[in-house]
There are 2 protein chains.
Amino acid sequence: MPRRIDNNFNAEPTIKDISQIYDVLTDEEKEKVLNNHSVKHFKKNDVIYQEGEIPDSLLCLGSGKVKVYKVGFGGRDQIVRMANPTSFIGYRAFFAEGPHVASAVVIEPCTIFYIPKAIVYELLESNHQFSLNIIRSLAQELGFSRYRTVTLTQKHIRGRLAESLLVLKDIYGFEDDGITLNVYLSREDLANFSNMTTSNAIRTLSTFVNEKVITVDGRIIRILDQETLEKISKLG
Amino acid sequence: MPRRIDNNFNAEPTIKDISQIYDVLTDEEKEKVLNNHSVKHFKKNDVIYQEGEIPDSLLCLGSGKVKVYKVGFGGRDQIVRMANPTSFIGYRAFFAEGPHVASAVVIEPCTIFYIPKAIVYELLESNHQFSLNIIRSLAQELGFSRYRTVTLTQKHIRGRLAESLLVLKDIYGFEDDGITLNVYLSREDLANFSNMTTSNAIRTLSTFVNEKVITVDGRIIRILDQETLEKISKLG
DNA sequence: GACTCAATATGTTATAAAACATAAATCTAG
DNA sequence: CTAGATTTATGTTTTATAACATATTGAGTC
């Protein structure tokens, strides 16, 4: 029975929390952003955007968790990104000036800030540090994407699942106890993140439990032996 | 016996040909770039950069062809990009401000322009249109990378190889006859681009020949029936 | 609290593709 | 021109994992 854990439970986030954008702006630019953005709240399983849609705003995830996935061929989806606060959402399509080629769905209740396209492009023009932040983000994400292409195609099931658990740990971290993964995915999502069938995700998760590498309680996953998990991930 | 085909056989390229950068600069900036870049020539199989190296210049491919690949686990490499003129090389790591996570090797003799890091960052600061070009490039490449992640993990061998041939066609085009792929890869490179073993690339290529979809003469590949090839690619 | 639907679990079978094994052809160097 | 190395080709075996088939459990609903 997964409790809901929210990083921003006490404080409702504002756009000022989106440091990647807000920290580099001048006072004048900050004013502009404050006066020209909107806020939306989403609940679990809500669709934030869908493949094919044309983005007209830059989306910033203030709180919550989001999966971004592409629909595959045999009906199997591939989760290409798990987003955490505070980061941009769907910004690849926005900056490529094309349609979304993936869909974004809420994993945990979200607060999302919308900055209209015109404003974003004014900022890019007036503030090169903001541009640099975008450039760095995209470059890093491209590196991650290529890395995942190789691991998802070349590692075996155990390696893929172990890696996915470690990636989730890197993105969302642990709860206060230091071992419980701070994200609660269905076996299907876990499978779609790791390029395998749901059956195999369940099965492999069970073998990890038997090997005392993790414990599983519903969707709560605890990493007991991170070193071994890293070894499994490395071996492929 | 593949003849060497060079897009820029007659005219040795200059940095002025790198439209993505040169076209958007002011006269002053152009002067700066002209006075602060170097040119290097590479021959087939030369290593342009290697995984782990820290980039200190922005590289622009003036002429030639380059493969960018990551070393996999079971010794099998994955080609993550085939670069054509005139585009940036290794710019992901450059802009991520980290080490290269892939290696670049020459497929066909190259002319490469080097613009020092300091100059590039001056340009990013003074010319937001240049920044926008970089942003758009990275965003588009990230889209492509995610697309390939899904197809390389989900499509079957025939679909993967068919897609790779079509991607190569999109990148390098045909020769004057309109059917001969303007790039000459070993079966191993073709396999590493398509996430399969060399044996299976050879085998599958043969079945395509038997099905009269392509012809193969050494490394020369002619696409006889593009429609069918697209169908094979789509079916997975 | 029984009922329904979705999620999880696990065993069995089928199959795509890797791994392995040679052989033939082509290229390279002395 | 010959010898060795590399690339291409093709057949056979093995294996990882998808596909299929049922249970079982759990969550939400009337």
Side-chain angles (χ1 to χ4, degrees), chain A residues 1-4 43-45 67 72-78 105 107 150-164 184-210 214-221 232 235-236, chain B residues 1-4 43-45 67 72-78 105 107 150-164 184-210 214-221 232 235-236:
Chain A
M1 238 137 312
R3 275 167 301 141
R4 173 152 77 76
K43 56 184 199 303
K44 195 173 166 172
N45 295 324
K67 67 173 171 184
F73 299 83
R76 212 164 85 243
D77 295 342
Q78 176 65 45
V105 168
I107 294 286
V150 176
T151 60
L152 291 180
T153 55
Q154 295 199 1
K155 284 184 180 178
H156 288 179
I157 278 205
R158 284 169 58 84
R160 296 207 298 275
L161 186 64
E163 178 180 295
S164 289
Y184 307 93
L185 298 179
S186 69
R187 304 289 190 269
E188 190 181 2
D189 280 341
L190 218 44
N192 289 345
F193 191 49
S194 312
N195 180 36
M196 62 186 65
T197 55
T198 307
S199 296
N200 277 328
I202 291 167
R203 217 187 301 270
T204 309
L205 225 42
S206 294
T207 69
F208 286 173
V209 170
N210 287 336
I214 60 171
T215 64
V216 167
D217 174 10
R219 296 186 180 183
I220 300 174
I221 296 175
I232 295 170
L235 283 177
Chain B
M1 236 136 311
R3 275 168 300 144
R4 172 149 79 78
K43 57 184 199 304
K44 195 172 166 172
N45 296 324
K67 67 173 170 183
F73 299 83
R76 210 163 87 243
D77 295 341
Q78 177 65 46
V105 168
I107 294 287
V150 176
T151 60
L152 291 180
T153 54
Q154 296 199 0
K155 283 184 180 177
H156 288 179
I157 278 205
R158 285 168 57 85
R160 295 206 299 274
L161 187 63
E163 178 180 294
S164 289
Y184 307 94
L185 298 179
S186 68
R187 303 289 190 270
E188 190 181 2
D189 280 342
L190 217 45
N192 289 345
F193 192 49
S194 312
N195 179 36
M196 61 185 66
T197 56
T198 307
S199 298
N200 277 329
I202 292 167
R203 218 186 301 268
T204 309
L205 225 42
S206 294
T207 69
F208 286 173
V209 170
N210 286 336
I214 62 172
T215 65
V216 167
D217 175 10
R219 297 185 179 183
I220 300 174
I221 296 175
I232 295 170
L235 282 177

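In what follows, chains are A, B, ... by sequence order, proteins preceding strands, each numbered from 1. Here the structure is a predicted model, which means the values were calculated and not measured.
Contact annotation for A:R158: no contact, since no heavy-atom pair falls under 4.0 Å across all strands.
In this entry the distance linking CD1 of B:I220 with P of D:dT8 reads 13 Å, nearest Å. One can place CG of B:L161 at 12 Å from P of C:dA17, the figure rounded to the nearest angstrom. In this structure, B:K155 places its NZ atom 18 Å from P of D:dA18, rounding to the nearest Å. Taking atom CZ on B:F73 and atom P on D:dA16, their separation rounds to 17 Å, with Å as the unit. Put simply, CD1 on A:I157 is 17 Å from P on C:dA16, counting in whole angstrom units. For the pair A:H156 NE2 and D:dA18 P, the computed distance is 11 Å after rounding to whole Å. Atom CZ in A:R76 sits roughly 10 Å away from atom C1' in D:dT17 (whole-Å rounding). Atom CG of B:D189 is separated from atom C1' of D:dT6 by 14 Å (rounded to the nearest Å).
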Grab the N/O contacts between the protein and nucleotides 4-11 of chain C below 3.5 Å, and write none if there aren't any.
from   : atom 1 : to     : atom 2 : distance (Å)
C:dT8  : OP1    : A:R219 : NE     : 3.3
C:dT8  : OP2    : A:R187 : N      : 3.1
C:dA9  : OP2    : A:R187 : NE     : 2.9
C:dA9  : OP2    : A:R187 : NH2    : 3.2
C:dT10 : OP2    : A:S206 : OG     : 3.3
C:dT10 : O4     : A:S199 : OG     : 3.4
C:dG11 : N7     : A:R203 : NH1    : 3.1
C:dG11 : O6     : A:R203 : NH2    : 3.2

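Here A:Q78 contributes atom CD and B:L152 contributes atom CG; the two are 11.0 Å apart, rounded to the nearest 0.5 Å. Once rounded to the nearest 0.5 Å, the distance linking CD1 of A:I214 with CG of A:L205 reads 4.0 Å. We find the CG-CG distance between A:L185 and A:L190 to be 6.0 Å, quoted to the nearest 0.5 Å.
Residues passing the salt bridge (Lys or Arg N to Asp or Glu O under 4.0 Å) test with A:D189, sequence neighbours excluded: A:K67. Qualifying side-chain contact (heavy atoms from CB on, under 4.5 Å) partners for A:A191, counting only residues two or more places apart in sequence or in other chains: A:M196, A:T198, A:A201. Evaluation of the side chain to side chain donor-acceptor pair (under 3.5 Å) rule for B:T197 yields B:N200 as partners, not counting sequence neighbours. Judged as a side chain to side chain donor-acceptor pair (under 3.5 Å), and not counting sequence neighbours, the contacts of A:N195 are A:R76.
Rounded to 10°, the angle separating the first-five-pair axis and the last-five-pair axis of the helix from C:dG1-D:dC30 to C:dG30-D:dC1 equals 40°.
Under the 4.5 Å side-chain criterion, counting only non-hydrogen atoms from C-beta, B:R158 is in contact with B:T207.
Residue A:F73 comes nearest to B:Q154 through the heavy atom pair N-OE1, 3.0 Å, listed as atom of the first residue, atom of the second, then distance.
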